[in-house]
Amino acid sequence: MPKRRPKGVVFENLEMGIAFGKHFRAIRIEQGFSQEKLALEAGVERSTIARIEAAKMNVTVDLVFTLSLALRVFPADLFGFEYQSKEKLK
């Protein structure tokens, strides 16, 4: 039987979701955007930005491109974080 995810967690690997969210937040702040300003620029709800940063939402390819355009970075920049699975360390 597959493991059940905690309620509200959509990432199969929570550590990766947290790493992505932290990196995304750092880029947003570095580019001078508040959550509200980025949401307005990207045409999404502010709660979408908050959910990405809190690892409560998986992003689609479309959303990655939309957010990268709004942030004025390359889509690949949103994935420029280091991540090492705890499972691989075992």
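This one's a predicted model, so the numbers in the text were calculated from it and none came from an experiment. We're numbering straight along the sequence, starting at 1.
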Inset, instruction - Could you tell me the separation between the NZ atom of Lys56 and the OG atom of Ser47, rounded to the nearest 0.5 Å? - result: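 Those atoms lie 13.0 Å apart.
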Legend entry - N/O donor-acceptor pair under 3.5 Å between Glu53 side chain and Gly21 backbone: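 A pair under 3.5 Å: no.
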Inset, instruction - From the options Ile52, Leu78, Thr48, select the one residue that forms a side-chain contact (heavy atoms from CB on, under 4.5 Å) with Val59. - result: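 Exactly one candidate clears the test, Ile52.
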Inset, instruction - Scan Arg28, Met57, Lys37 and name whichever one has a side-chain contact (heavy atoms from CB on, under 4.5 Å) with Ile49. - result: Arg28
Inset, instruction - Would you sort out whether Phe74 and Asp77 count as a side-chain contact (heavy atoms from CB on, under 4.5 Å), showing the intermediate values? - result: CA-CA 5 Å; Phe74 291 106; Asp77 293 336; 3.6 Å; yes
Legend entry - Same cluster (ILVMFWY, side-chain, under 4.5 Å), Phe79 and Phe24: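 Yes; Phe24 is reachable from Phe79 via cluster members.
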Contacts of [X] that satisfy side-chain contact (heavy atoms from CB on, under 4.5 Å) - sequence neighbours left out:
{"X": "Lys22", "answer": "Ile18"}
{"X": "Arg46", "answer": "Gln35, Glu36, Ala39, Ala50"}
{"X": "Phe65", "answer": "Val61, Pro75"}

Legend entry - Nearest heavy atoms of Phe33 and Arg72, plus distance in Å: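 The answer is CZ-NH1, 3.1 Å.
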Inset, instruction - Check the surroundings of atom CD in Glu45: do more than 12 heavy atoms from other residues, nucleotides or ligands lie under 6.0 Å from it? - result: no
Inset, instruction - Taking only Lys NZ, Arg NE, NH1 and NH2, and the carboxylate oxygens of Asp or Glu, determine whether Arg25 and Glu30 approach each other closer than 4.0 Å. - result: no
